[in-house]
Amino acid sequence: MKVKVLLLGSGGREHALAWGIAKSPKLDKLYTAPGNPGTAKLGENVALDISDQDAVWEFIQSNNIGLTVVGPEQPLVDGIADFLEVKAHPVFGPKKQAAMLEGSKEFAKDFMKRHDIPTAAYEVFSQNEFDKAAEYIKKQGKYPVVLKADGLAAGKGVLIPETEEEALAALDELKSGALSGAASRLVIEEFMVGEEASVFAICDGDSFRVIGNAQDHKRIGEGDTGLNTGGMGAYSPAPIATKEILDITEREIIKPTIDGMKAEGYPYQGFLYVGLMITSEGPKVVEYNCRFGDPECQVIIPGMKTDLLEVIYSCTTGNLASTKIEFDEQYRCTVVLASGGYPESYEKGKEITGLDEVKDALIFHAGTKEESGKLYTNGGRVLNIVGSGNTLKQAIENSYSEIKKIHFEKAYYRNDIGAKGLKHLE
Ligand code: AMP
Ligand code: GLY
C-alpha cells in the first residue's frame with residue numbers, strides 16, 4: 001500500500017528528508033508545509049502555519065495523509081506529536097515530554113545525572129537566585145564558565161564568559177534578555193575542553209539505531225571565528241569520531257538515554273541528535289536535540305541505501321528492531337551558501353543563477369523562493385551544496401568546485417568546511 005506523507009518544515013534539512021522520502025516506491029504523494037522551492041520539485045508545497053495544530057490536522061484529514069514527519073524542534077516541543085497521536089495518526093518525532101531533552105536544558109541535565117550519562121558538572125538557579133548564581137560562579141573560580149538559559153533560545157541562550165567580571169556581566173545580560181520570561185531558569189556548567197562532534201540515532205521508543213556522525217561548523221568565519229549561526233557547513237563521517245569513541249557513545253550515552261526515557265514513561269521516538277565534546281576523558285554530552293541537525297542531515301541522509309520512508313514508518317509502528325538500515329561508504333561535505341551579512345542583517349530577493357550547471361553535487365534549498373520561473377534569495381542560509389567522494393578530501397573538493405558555479409549578489413561561504421577533519425587524517 002502506498003502512503004501520502006506530510007513533512008513539516010522549510011529548511012535544508014527538510015529538503016534532504018523530502019529527497020530521501022521521495023525516492024521511496026511506497027510513497028503515494030509528498031506534501032511539505034511550508035516547504036521551499038526544492039521540496040516543491042519533489043511533491044507539493046502547502047501554505048500551512050505549522051504552529052497551528054488544528055490547521056495541520058484539518059489538512060491531514062482532507063488529504064488522506066497516512067504519515068506526518070516533523071522536521072524542526074518547535075512544533076515537537078509544542079506537542080504536535082501528542083496532538084496527532086490522540087487522533088490515532090502516525091507521526092514521526094518525539095512527544096512533548098521526550099522533546100524536553102532539547103526543550104529544557106534543566107530537564108536534560110537532571111536526566112543525565114539520574115542516568116549517569118557523562119556531561120559537564122552543573123548547577124541550576126531560578127530567576128530570583130541571581131545573587132546565589134553570582135556567589136556560585138565566584139566560589140568555583142574556574143573560567144571560562146558556561147551560562148545557559150533554560151528553554152529554546154534559538155542559539156542565543158548560551159554565554160561563555162572568560163573572567164569573573166565577564167561572567168557577572170553575562171548574568172546581567174541573560175537576566176534582561178533570554179531569562180526575562182517568567183518561567184526561565186539558569187544552568188551554570190563547567191567548561192569542557194575538546195572538539196565537538198555530533199552523533200545521530202533514529203529511535204522507535206524502545207530500540208534505536210545509530211545512523212551517522214558529523215561535524216558542524218557553527219561560526220560564521222573561517223577558523224571557527226565570529227558569531228554563531230545555524231551551521232555553515234558539515235561533513236560526515238567525522239574522523240574524530242573513531243570506532244572507540246562511537247562505541248562508548250552508543251553504550252554510555254545513547255543506550256542509557258533511550259532506556260532512561262522509556263523507564264521514566266517518555267519513550268523517545270524520532271531522530272535523536274547528540275552533541276558531544278570529545279574530551280581527554282572521553283565523549284561527554286554538550287546538548288541533545290530532538291530532531292535531525294541542519295546541515296548535518298544533508299550529509300547523512302544521501303548516504304542511506306535503505307528506503308528512508310520505510311525506516312521512518314517502522315519507528316511509528318515500533319518495528320525498528322526488525323528493520324535493516326544500510327549506508328554507502330562515501331564521505332560527504334556540505335557547504336552552506338549564505339546571504340552576505342548573515343547571521344546579522346542581510347538583504348533578500350537577490351536573483352540566484354548557475355544552479356543548472358551543477359552536475360556533481362546535490363543541492364538542497366533553504367532560504368530561497370521562486371517567482372515566475374526565477375530563483376531568489378529569501379533567507380540567511382540560502383543553499384546547501386553537497387559533494388561526495390571516496391575520501392573526505394574528494395568530497396570537500398567536489399563541494400567547492402560546484403559551489404563556484406552558483407551566483408547571487410553578496411553571496412558568502414566559508415572556505416574551510418571539513419579542514420578540521422582533514423587534520424585528523426594527516
Ligand atoms: P548548546 O546550546 O548547549 O549546544 O551550546 C552551544 C555551544 O556552546 C555548543 O555547541 C558548544 O560549542 C558550547 N558549549 C556549550 N556547553 C559547553 C560546555 N559545557 N563546555 C564547552 N563548550 C560548551
Ligand atoms: N547544525 C546545528 C543544529 O542543527 O542545531
Side-chain angles (χ1 to χ4, degrees), residues 9 11-14 16-17 71-74 76-77 99 101-109 112 117-124 137 140 142-162 167 170 174 178 186-200 212-220 224-236 238 271-281 283-301 334-336 338 343 364 366 380-381 384 414 417 420:
R13 169 184 51 212
E14 284 74 25
L17 292 172
E73 64 277 17
Q74 191 71 56
L76 294 166
V77 170
L101 281 181
E102 174 168 1
S104 164
K105 303 267 184 211
E106 181 179 8
F107 175 83
K109 294 299 285 190
M112 286 186 266
I117 294 169
T119 186
Y122 73 104
E123 205 61 54
V124 184
I137 291 172
Q140 297 280 314
K142 279 207 270 179
Y143 303 96
V145 62
V146 183
L147 310 185
K148 297 184 178 180
D150 198 33
L152 290 184
K156 296 191 183 75
V158 179
L159 295 173
I160 309 187
E162 309 252 348
L174 286 173
L186 170 70
V187 178
I188 300 184
E189 58 177 61
E190 161 207 15
F191 180 80
M192 297 184 284
V193 178
E195 202 174 316
E196 285 179 80
S198 312
V199 178
F200 299 89
N213 64 77
Q215 212 169 20
D216 186 14
H217 298 65
K218 286 189 179 146
R219 305 292 195 101
I220 187 70
D224 295 332
T225 54
L227 293 173
N228 254 325
T229 70
M232 295 303 294
Y235 69 92
S236 176
F271 290 121
L272 179 68
Y273 168 147
V274 186
L276 297 173
M277 188 70 78
I278 315 292
T279 74
S280 55
E281 296 165 358
K284 294 187 181 182
V285 178
V286 177
E287 61 167 347
Y288 291 109
N289 291 310
C290 63
R291 51 172 172 85
F292 221 131
D294 184 348
E296 294 94 322
C297 181
Q298 291 87 305
V299 287
I300 294 179
I301 289 299
T334 182
V335 182
V336 171
F364 293 126
R381 294 192 290 174
N384 302 259
R414 271 180 65 165
I417 304 301
K420 278 189 282 196

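Because only heavy atoms are used, hydrogens play no part in the values below, and waters and symmetry mates are left out as well, while side chains stay in. Read the numbers this way: they start at 1 and go in the same order the structure lists the ligands and their atoms.
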Kindly identify the option in M232, H217, R291, E287 whose heavy atom sits closest to atom 4 (O) of ligand 2.
R291
Are any of the heavy atoms in I160 under 4.0 Å away from ligand 1?
yes
Among K148, M277, E196, the residue with a heavy atom nearest to atom 12 (O) of ligand 1 is E196
Kindly determine whether R291 and E296 satisfy salt bridge (charged side-chain N to carboxylate O under 4.0 Å, His left out), including the steps that lead there.
CA-CA 11 Å; R291 51 172 172 85; E296 294 94 322; over 6 Å; no
For K218, the ligand 1 atoms whose distance to one of its heavy atoms is below 4.0 Å
10 (O)
Does the distance from a Lys or Arg side-chain N to an Asp or Glu carboxylate O, for K109 and E189, drop under 4.0 Å?
yes
Distance filter under 4.0 Å to E287 heavy atoms, resulting ligand 1 atoms
1 (P), 2 (O), 3 (O), 4 (O)
Near A120 (heavy-atom distance under 4.0 Å), the atoms of ligand 1 are 19 (N)
Is there a nitrogen or oxygen of M192 sitting under 3.5 Å from a nitrogen or oxygen of ligand 1?
yes
Side-chain heavy atoms of N289 within contact of E73, under 4.5 Å:
no
Verify salt bridge (charged side-chain N to carboxylate O under 4.0 Å, His left out) between E195 and K420, making sure each step is shown before the conclusion.
CA-CA 10 Å; E195 202 174 316; K420 278 189 282 196; 5.5 Å; no
Number the atoms of ligand 1 from 1 as they appear, then name those within less than 4.0 Å of a heavy atom of F191, with their elements.
20 (N), 21 (C), 22 (N)
Atom indices of ligand 2 within 4.0 angstrom of G230 heavy atoms, with elements:
1 (N), 2 (C)
Exam field: side chain S198 to backbone Q215, donor-acceptor pair closer than 3.5 Å:
no
Under 4.0 Å, heavy atoms only, figure out whether ligand 2 is touched by the backbone of E296, its side chain, both or neither.
side chain
With sequence neighbours excluded, tell me which residues meet salt bridge (Lys or Arg N to Asp or Glu O under 4.0 Å) with R13.
none
Could you establish whether G275 and ligand 2 come within less than 4.0 Å of each other, counting only heavy atoms on the residue side?
no
Check the pair F271 / F200 against ring-ring contact (aromatic ring centres under 6.0 Å, His included), numbers first and verdict last.
CA-CA 7 Å; F271 290 121; F200 299 89; 8.4 Å; no
Please indicate whether any nitrogen or oxygen in D216 is less than 3.5 Å from any nitrogen or oxygen in ligand 2.
yes
Within the 4.0 Å heavy-atom shell around E189, which atoms of ligand 1 are there?
16 (N), 17 (C), 18 (C), 19 (N)
Minimum heavy-atom separation for G230 and D216, please, with both atom names.
O-OD2, 4.0 Å
Sorted by chain and number, sequence neighbours left out, side-chain hydrogen bond (donor to acceptor under 3.5 Å, both in side chains) with E106 holds for R185
Atoms in ligand 2 with a heavy atom of G293 nearer than 4.0 Å:
4 (O)
